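Below is one structure, written out as structure tokens; comments come after it.
We name chains A, B, ... by the order of the sequence lines, and we start the count at 1 in each one. Hydrogens, waters and symmetry mates play no part in the numbers below; they use all other heavy atoms, side chains included. Note that the structure is predicted; figures quoted are calculated from it, not measured.
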Protein chains: 4
Amino acid sequence: MFLHINPNNGLAIYDQIVRQIKFSVASDGLYPGDLIPSVRELAKELAVNPNTVSRAYRELQADQVLITIRGTGLQVTQNAPETCKKDRTRLLSNRIQSVLQEASQSGLTRQEIDQIIKKELDRLDKKKSKNSSTESKES
Amino acid sequence: MFLHINPNNGLAIYDQIVRQIKFSVASDGLYPGDLIPSVRELAKELAVNPNTVSRAYRELQADQVLITIRGTGLQVTQNAPETCKKDRTRLLSNRIQSVLQEASQSGLTRQEIDQIIKKELDRLDKKKSKNSSTESKES
Amino acid sequence: MFLHINPNNGLAIYDQIVRQIKFSVASDGLYPGDLIPSVRELAKELAVNPNTVSRAYRELQADQVLITIRGTGLQVTQNAPETCKKDRTRLLSNRIQSVLQEASQSGLTRQEIDQIIKKELDRLDKKKSKNSSTESKES
Amino acid sequence: MFLHINPNNGLAIYDQIVRQIKFSVASDGLYPGDLIPSVRELAKELAVNPNTVSRAYRELQADQVLITIRGTGLQVTQNAPETCKKDRTRLLSNRIQSVLQEASQSGLTRQEIDQIIKKELDRLDKKKSKNSSTESKES
DNA sequence: GTGGTCTAGACCACC
DNA sequence: GTGGTCTAGACCACG
């Protein structure tokens with residue numbers, strides 16, 4: 001699938017799954033009516049316990065992003081894109097906010113903070129272009 | 001003292017104490033030789049369990065930022081400023097990096113991410129100026 | 001046919017089919033010798049997986065309510081009415097019992113529970129009369 | 001504590017715990033600020049796996065009935081009574097409704113249904129008085 | 001001590 | 001095959 005689990009970024013695995021599926025719905029990687037990978041399938045792919053995936057899916061149901069089709073699987077709901085787009089900004093803003101708050105209290109000037117952010121964004125861009133070139137090689 | 005604890009920003013309380021004390025040393029809020037508040041005192045001020053403060057101090061000793069003066073308390077070490085300045089950038093960069101990584105994977109464009117960051121920075125600026133005006137009232 | 005499936009009332013679909021067919025036999029909606037709809041037919045009508053209907057029919061055969069007539073289909077047995085009438089009261093009593101037990105443990109007074117029951121019964125009466133008027137329109 | 005788990009009433013154990021704790025808050029068995037039994041404690045008392053209790057508590061947090069006090073336990077929230085009272089009626093009404101709906105479709109007359117309900121309520125009353133007499137003996 | 005997370009593996013009902 | 005539930009037991013962070 002399309003998920004990248006990073007065990008050391010402070011977020012629980014199940015939470016990373018929840019967030020990334022929401023993000024995927026928000027950015028047109030998943031559409032209403034799509035069946036998402038089965039619990040066992042995704043668990044195998046992420047090398048993670050099925051219960052962990054199951055828990056993530058359960059939360060996504062509680063958040064009205066998924067519904068179960070009995071004996072069939074889990075489906076993206078009709079209003080998922082809307083709620084997920086809202087959630088995406090909210091979830092990211094929350095994390096960004098608390099990080100920036102700490103940075104701001106750290107005694108660094110806004111200039112210095114901007115510099116760090118720029119540096120990390122550039123690093124990401126490099127990583128991305130490296131990945132996409134890798135993908136081109138693969139294709 | 002000068003610490004602001006936020007129980008819901010994902011960081012453990014003890015970790016917030018550690019980081020903020022390091023930041024304070026790095027930004028000339030604390031100098032080598034300064035005695036820091038006792039465990040009980042700080043715990044009371046932050047409305048936090050003394051064990052939590054104790055653990056933070058323990059880590060700061062392990063990182064050579066604090067040193068015990070027998071019968072007196074904990075003192076900022078001579079080379080604390082140097083190590084803390086290094087730590088500050090590293091600690092902040094790490095957090096910023098993992099947040100930006102998630103944002104980047106979320107499907108938002110770099111422009112949109114920049115916009116969120118700008119918004120949150122502005123919000124912080126407002127908050128800061130409000131606080132400083134409050135402080136002036138208090139003084 | 002005469003079945004109303006509600007996927008969210010806690011009972012499995014196949015179980016709802018089993019119960020409602022028994023109820024229908026008990027209340028003279030189906031008579032001994034009647035042929036019931038084929039698995040495919042009923043599955044299509046209820047928009048349900050044929051396996052689900054199949055399972056319901058299997059249980060009804062095990063309970064001696066239905067019997068296979070080779071090359072013809074499933075037929076209501078001779079003693080079905082008798083057993084279904086017993087079953088009807090038993091099945092309903094069981095469900096009612098466990099619900100009332102929970103209600104009783106909930107801290108509500110018997111009066112309050114009676115009130116809720118009355119309210120829900122009234123709601124059903126309204127629904128019923130609305131349905132029957134709809135049915136008259138259809139005829 | 002005050003919980004009675006019935007493994008055969010169709011509801012999952014974790015769900016019974018959730019409902020009964022809500023009921024307990026609604027009926028003044030638990031008050032805002034109260035610390036509820038620890039996961040391990042309740043699990044032991046109910047002879048149930050700690051994870052099952054943990055899951056129930058997690059849902060109660062999601063429903064804003066409980067909040068975690070880190071390293072201390074779970075506390076009943078301030079607005080819990082209000083939300084729980086609403087929930088109590090809603091949860092019971094839902095179950096009662098679906099049971100009565102089935103009863104109504106079963107071909108029994110309203111009189112017959114009333115009779116069954118009365119019978120089961122009486123049975124509960126007897127059980128209750130027996131329990132309370134048992135309790136008096138014990139005291 | 002507390003709750004939170006994760007793993008491993010089992011059984012169930014349903015389709 | 002699917003998801004849902006439960007058990008057993010482990011490890012972690014926190015107070």
Taking every non-hydrogen atom, the tightest pair across C/H4 and C/Q16:
O-OE1, 4.0 Å
Could you tell me the separation between the CG atom of A/L42 and the C1' atom of F/dG3, rounded to a whole number of Å?
14 Å
Base-paired stretches in DNA chain E with three or more consecutive Watson-Crick or G-U pairs, both distances under 3.5 Å, amount to E:1-14 with F:1-14
So which atom in B/E59 and which in B/V18 form the shortest heavy-atom distance, rounded to 0.1 Å?
CB-CG2, 4.1 Å
Whole Å only: how far is the CD1 atom of A/I17 from the P atom of E/dT5?
13 Å
Figure out the CD1/P separation between D/I36 and E/dT2, and round it to whole Å.
12 Å
Without decimals, in angstroms, what is the distance between D/E59 CD and E/dG3 C1'?
16 Å
Does F/dT5 have OP1 or OP2 sitting under 4.0 Å from an N or O in the side chain of D/R55?
yes
Return the residues of residues 62-76 of chain D meeting this criterion: a heavy atom under 4.0 Å from some atom of DNA chain F. Order them by number, or give none.
D/R70, D/G71
Can you sort out the partners of B/R88 under salt bridge (Lys or Arg N to Asp or Glu O under 4.0 Å), two or more places apart, ordered by chain and number?
none
Over how many whole Å does the gap from C/L11 atom CG to E/dC12 atom C1' extend?
16 Å
Shortest non-hydrogen contact between C/L46 and C/I17, atoms and distance:
CD1-CD1, 4.0 Å
Does D/Q75 reach the main-chain N or O of D/I36 with its side chain, forming a donor-acceptor pair under 3.5 Å?
no
If I take atom OH from residue B/Y57 and atom CG from residue B/L74, how far apart are they, to the nearest 0.5 angstrom?
7.0 Å
Does B/S98 have any side-chain hydrogen bond (donor to acceptor under 3.5 Å, both in side chains) partners at least two apart in sequence or in another chain, and if so, which?
A/R95
Going by the rule side-chain hydrogen bond (donor to acceptor under 3.5 Å, both in side chains), which residues pair with A/D63 if we only count those two or more places apart in sequence or in a different chain?
A/K22
Nearest heavy-atom approach of D/D15 to D/L11 is OD2-CD2, 3.8 Å
Assign each of C/D15 and D/Q61 to its nearest nucleotide of DNA chain E by heavy atoms, then name whichever residue's nucleotide is nearer the 5' end.
D/Q61
Heavy atoms only, 4.0 Å cut-off, all strands: where does A/R58 land among base, sugar-phosphate and nothing?
nothing
Rounded to whole angstrom units, what separation is found between the NZ atom of D/K44 and the P atom of E/dG3?
15 Å
Consider side-chain contact (heavy atoms from CB on, under 4.5 Å). Of B/L100, B/N94, B/V99, which one does B/I96 pass it with?
B/L100
For residues D/E102 and C/N6, is any side-chain donor paired with an opposing acceptor at under 3.5 Å?
no
For F/dA13, does either OP1 or OP2 sit under 4.0 Å from a side-chain N or O belonging to B/Y14?
no
Quickly work out the D/R40 CZ to E/dT5 P distance and round it to whole Å.
14 Å
Could you write out each protein N or O paired with an N or O of nucleotides 7-10 of chain E at a distance under 3.5 Å?
residue	atom	partner	partner atom	Å
E/dT7	OP2	A/N49	N	3.0
E/dT7	OP2	A/T52	OG1	2.7
E/dA8	N7	A/N49	ND2	2.9
E/dA8	N6	A/N51	ND2	2.4
E/dG9	O6	A/N51	OD1	3.4
E/dG9	O6	A/N51	ND2	2.8

Separation of E/dT2 atom P from D/E41 atom CD, nearest Å, is 7 Å
With a sphere of 6.0 Å drawn around CD of D/Q61, does it hold more than 12 non-hydrogen atoms of other residues, nucleotides or ligands?
yes
Considering only heavy side-chain atoms of A/S38, the closest of F/dA13, E/dC6, F/dG3 is F/dG3
